[in-house]
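In the text below, chain A, chain B and the rest are named by the order of the sequence lines, each starting its count at 1.
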Amino acid sequence: MFDLSINAFFMQLLTGLQMGSIYVLIALGLTLIFGTLGVVNFAHGALYLVAIYLAVSINDAMGFGMALVLVPTILFILGLAMERGLIQFFYNRPHTDQILVTFGLAIVIQELLKWVFGANNIPFAIPSWGNGIILMHEWFPFLEGFVVYPKWRMILVVVSIVTVSAVFALLHWTTFGLVIRAGMRDSEMLQFLGVNINRRFMIVFGLGSLIAGIAGVFGGPVTQVSPEVGMHLLVPSFLVVVIGGMGSLSGAVLAGILIGMAQSFTAYDINLSTIIIYLITVIVLLVRPRGLLGAKGVFE
Amino acid sequence: MSVLANNHQVQSFFSCRDLNAYYGESYVVQGVSFDIPEGEIVALLGRNGAGKSSTLRTIARANQPALTSGEIWLNGQAMHTMETYEAARNGIQLVCEDRRIIPGVTVEDNLTLAQIAEPIGWDKERVYSHFPRLAERRKQEASSLSGGEQQMLSVARALCRDVKLLLLDEPYEGLAPVIVQEIERMLQEVKKMGITTIIVEQNAVAALKLADHAIIIDTGEIVFTGTAQEVLDNQALREEYLAV
Ligand SMILES: Nc1ncnc2c1ncn2[C@@H]1O[C@H](COP(=O)(O)OP(=O)(O)OP(=O)(O)O)[C@@H](O)[C@H]1O
Ligand SMILES: [Mg+2]
């Protein structure tokens, strides 16, 4: 049952943070793509799936360093190709069309990967520097006795924080970011000012995909590497985007942590922990249809 | 010499030929043609829903309404083959009817956004010395500006580009009379700079004060072309098409 000790509370906090980290990384790409292009990309989970399979393969063949460099790069290019080859034809179509076509694409990718790699979980060998545990009680003296946490999971949290910060810095401190933020508000006006906004939005799609690549490299060992992982993560990540507010980056971060925490703190009851995220979604949407930090007018 | 004489078609600085444009099924620009010599100001007038904004948007190469046929020439360049952003890079600047200030970013950011793509026009210092009100509010969130200030910013933003044809859609709309006077003074200055301009206005008298020529459209078609003075003098014409 519910354990009220400080140690249990602390561990659940960490687990919530770690689960939230993956949701945030995937939701970040989803919300960026929705906010700029207005496309609901249900293939985003499949991009994560591609990333973990690429990561595990490159990691085995050439080591983790190469996986870290190559996977996000390949995913960036894959994102651009996907936008040019498919998504761009659906900009002016209803969201339902977008969902259908990207969902279909997700299934195709999933089945292809299953065909190539098989349906079973593939072990992901964590590099030696990421193995082992962290002695939490040495860092946090208020903990009682001996408290440890897997080092890799902490690394995942840190990677997520760094990635989110980098995206925020890009969007808020660079001219590219200014153009993107302005384009999210009024893309036509930017074109009237001579900006080729569609090319920049294509790059954003690539970026969203690149972030799924980073998520795959660090998340693979945690979420496991099997074909259904993409869909398993897509639903919560999509709900994170909805709860946070479609197109809102800070909303995605907030909602990602919220959902991670909610699942972690209800983990003592498997049923509750499964439905909690839908429960939160329903409540948030009833009270605030645009999501926690969503822009006024979107889905309101 | 003879080759030149045969092939050189005498063309105005700005010229549009038989423009036809649609919002979906609805035919909003119906065979519009006119020319503007360099440096002139034309008032484009007409009733609500006559198709004035649609005509400006068509010339600015907006995606909607969609241009289905016709030609748009500016300074010898074919604008009708261009994308929206390319038309803007080649000198067309549309100051939209609802001003379209980008919210969520500062006044200065709005100017910066006009200076992303080459070729650019005014630098920020020049904007600020011309519009001290904008200088004072440069760090302010842009949508917090008053209506008049937003209009100023909207025009200033166009001047930050290398503008060859300025399209003004209802610059006086929704502004108090004192503010209208202020914007009028600003547009008089723009006129002195010799920028070729099309101005659309409900306030026909105000537009005609600024303009050299006038065009009146009704249900997407041109029904009158003449000098600004002719419209001011012709009460019957104004009553028929402008309801003033
Ligand atoms: N986005 C749109 N979709 C469909 N039809 C439109 C759209 N915008 C305008 N129209 C229609 O096109 C016609 C011309 O409209 P337009 O805005 O060009 O008129 P206008 O002369 O600028 O009028 P106003 O003085 O009210 O601004 C009108 O019948 C209008 O209803
Ligand atoms: Mg109009």
### Winner by heavy-atom pair count (cut-off under 4.5 Å) against chain A, out of B:Ala117, B:Cys160, B:Ala114
B:Ala114
### Task
Heavy atoms only, distances under 4.5 angstrom: which of B:Ala87, B:Ala88, B:Ala158 has the most pairs with chain A? Name it, please.
B:Ala88
### Message
My understanding is that only one of B:Ile102, B:Asp109, B:Thr106 makes a side chain to side chain contact (heavy atoms under 4.5 Å, CB included) with A:Leu178; could you say which?
### Response
B:Asp109
### Summary
Whatever's closer than 4.5 Å to a heavy atom in chain A on B:Arg161 counts as side chain
### Task
For residues A:Met189 and B:Cys96, report the shortest heavy-atom separation together with the two atoms involved.
SD-SG, 4.1 Å
### Query
Which heavy atom of A:Gly194 sits nearest a heavy atom of B:Arg89, and at what distance?
O-NE, 2.7 Å
Do the non-hydrogen side-chain atoms of [X] and [Y] ever get within less than 4.5 Å of each other?
X        : Y        : answer
B:Thr84  : A:Phe192 : yes
B:Tyr85  : A:Val195 : no
A:Gln191 : B:Arg61  : no
B:Ile116 : A:Leu193 : no

### Message
Around atom CZ of A:Phe168, are there more than 12 heavy atoms from other residues, nucleotides or ligands closer than 6.0 Å?
### Response
yes
### Query
Would B:Arg100 and A:Glu188 satisfy side chain to side chain contact (heavy atoms under 4.5 Å, CB included), going step by step from the backbone distance to the final call?
CA-CA 10 Å; B:Arg100 302 280 283 272; A:Glu188 186 187 51; 2.6 Å; yes
